[in-house]
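Computed over heavy atoms, backbone and side chain alike; hydrogens, waters and symmetry mates excluded. Whatever order the structure lists ligands and atoms in, that order sets their numbers, starting from 1.
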Amino acid sequence: MSFEYAPAPESRAVVSIKPKYGHFIGGKFVAGSKHFPTINPATEEVLSQIALAGKAEVDAAVKAARKAYVGTWSKMSGKERGKYLYRIARIMQERAREFAVLETLDNGKPIRESRDTDIPLAAAHFFYHAGWADKLEYAGLGTSPKPLGVAGQIIPWNFPLLMLAWKVAPALAAGNTVVLKPAESTSLTALLFAEVCQQAELPAGVVNIVTGDGSTGALIVNHPGIDKIAFTGSTEVGKIIARAVAPTKKSVTLELGGKAANIVFDDAPIDETVEGIVNGIFFNQGHVCCAGSRLLLQENVAEEVLHKLKNRMEKIRVGDPMDKNTDVGAINSKEQLAKITELAAAGDAEGAERWSPACNLPAKGFWFAPTIFTGVTQAHRIAREEIFGPVLSVLTFRTPQEAIEKANNTPFGLSAGIWSEKGSRTLWASQQLRAGVIWANTFNKFDPTSPFGGYKESGWGREGGRHGLSAYLKGVSHE
Ligand code: NDP
């Protein structure tokens, strides 16, 4: 017997969205010249008009960041900087509900995820780095670590506020000032964060936020007044950035794509594993760089796992992201939906077998049902390319060695999962896997103290932990 869930919608009364936004430069909101709409991907409702920064605005932001760096922030003691970071973290906690609702409206992710994952983790990053601000000389990164200067930071749309926190918190703790550009489709929580900076009385120019599209990002990357570029996004744009900064003295960290293998050995606890598989690929609609998008099943348990997985997927609730019961929300944009649809069609065309549970997708907005493909081979596009959506490619293997070879057969190397009851097998497999983050009997666990980053085309450098801090300090190895 199963029970129907009554709707449990979160109220949007807690947020007030302005009809039009400008940029946040030198501690003030300044009007933009051109604007573009930002929409709620679950309803296609226009939420607001976002400013598109051109050369003049990026110049002004870099100038404000330099002035704050030279005049205030780099001269301030770590203890004082730490106080501001604590203050920001506490205000984020106080305004957590407002942030969560705004994130869900602008991004399409379920309110349960923005409320329980994105916003608490974003605040945790500020708390964690607040603690480092006055202890940099004890971090094992040299006796007198020095900031780099002005950091240009470009972030994607999948975890808008969390990616901002990953970038801004370590930069500020280490004594840098920043110019940050959120993704074009998800600028609203970054603009609310600008209000938090004002509320915390952060000195003017320490954080500057310019909104815009890829052209604004390129202006930041190529700006001569910037000392460091921190980017999270596609491998394609990461390569453009790497080429642009190669002939300059800019430091760079790149957090790019992934095609993680989630490996299930025949001694794995199957019920827990099924939960981990679901979390690994359907969390945040699969818009996760470290998503477990390739499921590798040992042949003798494949049938059982697939049977249980399909049963579990029948119970996934897809729909209104503002409903507290929703598991999978809307795809972030029409463009991303087109990309997922095209890659899934390639899976059909190449002979893999598609399966989705029956689900009533809303008529308006951008939606894609949770999907698995079986009979996938390593040559298929859906086994090689990042889909960045709720689509799982299932492959099988006979021996542990075969699992490792298949798992490593990718240009990416961001994350991997291992499901096994044996510690020795888990340790052996994790030593063979070429991935920056490896989870054992769990998936998609994040913590500010733990470094995150990839091998190969998944990027350069680490974010989080002591390693992430080092990427914002002079003369420290970034690995
Ligand atoms: P992008 O890499 O294009 O976007 C990431 C950020 O970079 C955005 O803020 C974007 O601006 C900005 N940007 C775009 N072009 C440039 C440029 N030439 N110079 C500097 N900055 C630039 O990712 P998309 O949003 O286009 O997504 C495409 C694919 O990338 C997805 O389908 C997914 O596979 C992958 N992706 C991976 C992510 C990850 O975390 N690894 C995150 C997001 C996407 P704007 O969006 O405003 O145009």
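The protein atom (non-hydrogen) at minimum distance from atom 35 (C) of ligand 1 is Glu386 OE1, 3.5 Å. Remark: minimum distance from atom 15 (N) of ligand 1 to any protein heavy atom is reached at Gly214 CA, 3.5 Å. For atom 28 (C) of ligand 1, the nearest protein heavy atom (residue, atom name, distance) is Ser234 CB, 4.2 Å. Among all protein heavy atoms, the one lying closest to atom 12 (C) of ligand 1 is Ile154 CG2, 3.6 Å. For atom 38 (C) of ligand 1, the nearest non-hydrogen atom of the protein is Phe388 CZ, 3.4 Å. Looking only at heavy atoms of the protein, atom 42 (C) of ligand 1 is closest to Pro156 CB, 3.3 Å. Closest protein heavy atom to atom 22 (C) of ligand 1: Val237 CG1, 3.6 Å. Annotation: atom 41 (N) of ligand 1 to nearest protein heavy atom, Leu256 O, 2.7 Å.
Heavy-atom contacts of Gln336 reach the following atoms of ligand 1: 31 (C), 32 (O) (cutoff under 4.0 Å). Using a 4.0 Å cut-off to heavy atoms of Trp157, the atoms of ligand 1 that qualify are 24 (P), 25 (O), 27 (O). Near Thr232, meaning under 4.0 Å from any of its heavy atoms, are these atoms of ligand 1: 5 (C), 40 (O). In summary, the atoms of ligand 1 found under 4.0 Å from a heavy atom of Gly257, numbered by their order in the structure, are 41 (N). Applying the 4.0 Å criterion to heavy atoms of Cys289 picks out, from ligand 1, the atoms 39 (C), 40 (O), 41 (N). In summary, the atoms of ligand 1 found under 4.0 Å from a heavy atom of Asp213, numbered by their order in the structure, are 11 (O), 45 (P), 47 (O), 48 (O). Contact atoms of ligand 1 toward Lys339: 29 (C), 31 (C), 32 (O), 33 (C), 34 (O) (distance under 4.0 Å to a heavy atom of the residue). Taking a cut-off of under 4.0 Å to the non-hydrogen atoms of Gly217, the atoms of ligand 1 that pass are 19 (N), 20 (C), 21 (N).
Distance check: Thr253 OG1 to Gln153 CD gives 8.0 Å after rounding to the nearest 0.5 Å.
Legend: salt bridge (Lys or Arg N to Asp or Glu O under 4.0 Å) pairs involving residues 164-190, not counting sequence neighbours, sorted by first then second residue: Lys167-Glu463. Residue pairs meeting the salt bridge (Lys or Arg N to Asp or Glu O under 4.0 Å) criterion with at least one partner in residues 273-297, sequence neighbours excluded, are Glu275-Arg312.
With a 4.5 Å cut-off on side-chain heavy atoms, Phe99 and Met92 count as touching. At a threshold of 4.5 Å between non-hydrogen side-chain atoms, the residues Val391 and Leu343 do not count as touching. In this structure, the side chains of Phe231 and Leu256 come closer than 4.5 Å at one or more pairs of heavy atoms. The shortest side-chain heavy-atom distance between Phe446 and Phe159 does not fall under the 4.5 Å cut-off.
The shell of residues lying under 4.0 angstrom from ligand 1, judged by heavy atoms, includes Gly212.
Between Arg112 and Asp116 there is no salt bridge, since no side-chain nitrogen of the basic residue lies less than 4.0 Å from a carboxylate oxygen of the acidic one. A salt bridge does not link Lys334 to Glu44: none of the charged nitrogens lies less than 4.0 Å from a carboxylate oxygen.
Ring centroid separation for the pair Trp166 and Phe452 comes in under the 6.0 Å cut-off.
Note: no N/O pair closer than 3.5 Å links Ile240 and ligand 1 by distance alone. The N/O atoms of Gly233, backbone and side chain alike, include one that comes under 3.5 Å of an N/O atom in ligand 1. Residue Ile155 has at least one N or O atom closer than 3.5 Å to an N or O atom of ligand 1. Checked by distance only, ligand 1 and Glu255 stay at 3.5 Å or farther apart across all their nitrogen or oxygen atoms. The shortest N/O to N/O separation between Phe231 and ligand 1 does not fall below 3.5 Å.
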inquiry  = Could you walk me through whether His23 and Asn208 satisfy the side-chain hydrogen bond (donor to acceptor under 3.5 Å, both in side chains) test, starting with their C-alpha distance in whole Å, then the side-chain angles of each, then the deciding distance to 0.1 Å, before giving a yes or no?
reply    = CA-CA 8 Å; His23 309 285; Asn208 303 276; over 6 Å; no

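Protein heavy atoms are found less than 4.0 angstrom from atom 48 (O) of ligand 1.
In the displayed structure, Glu353 atom CD is contacted under 6.0 Å by at most 12 heavy atoms of other residues, nucleotides or ligands.
For Glu335, no heavy-atom contact with ligand 1 is shorter than 4.0 Å.
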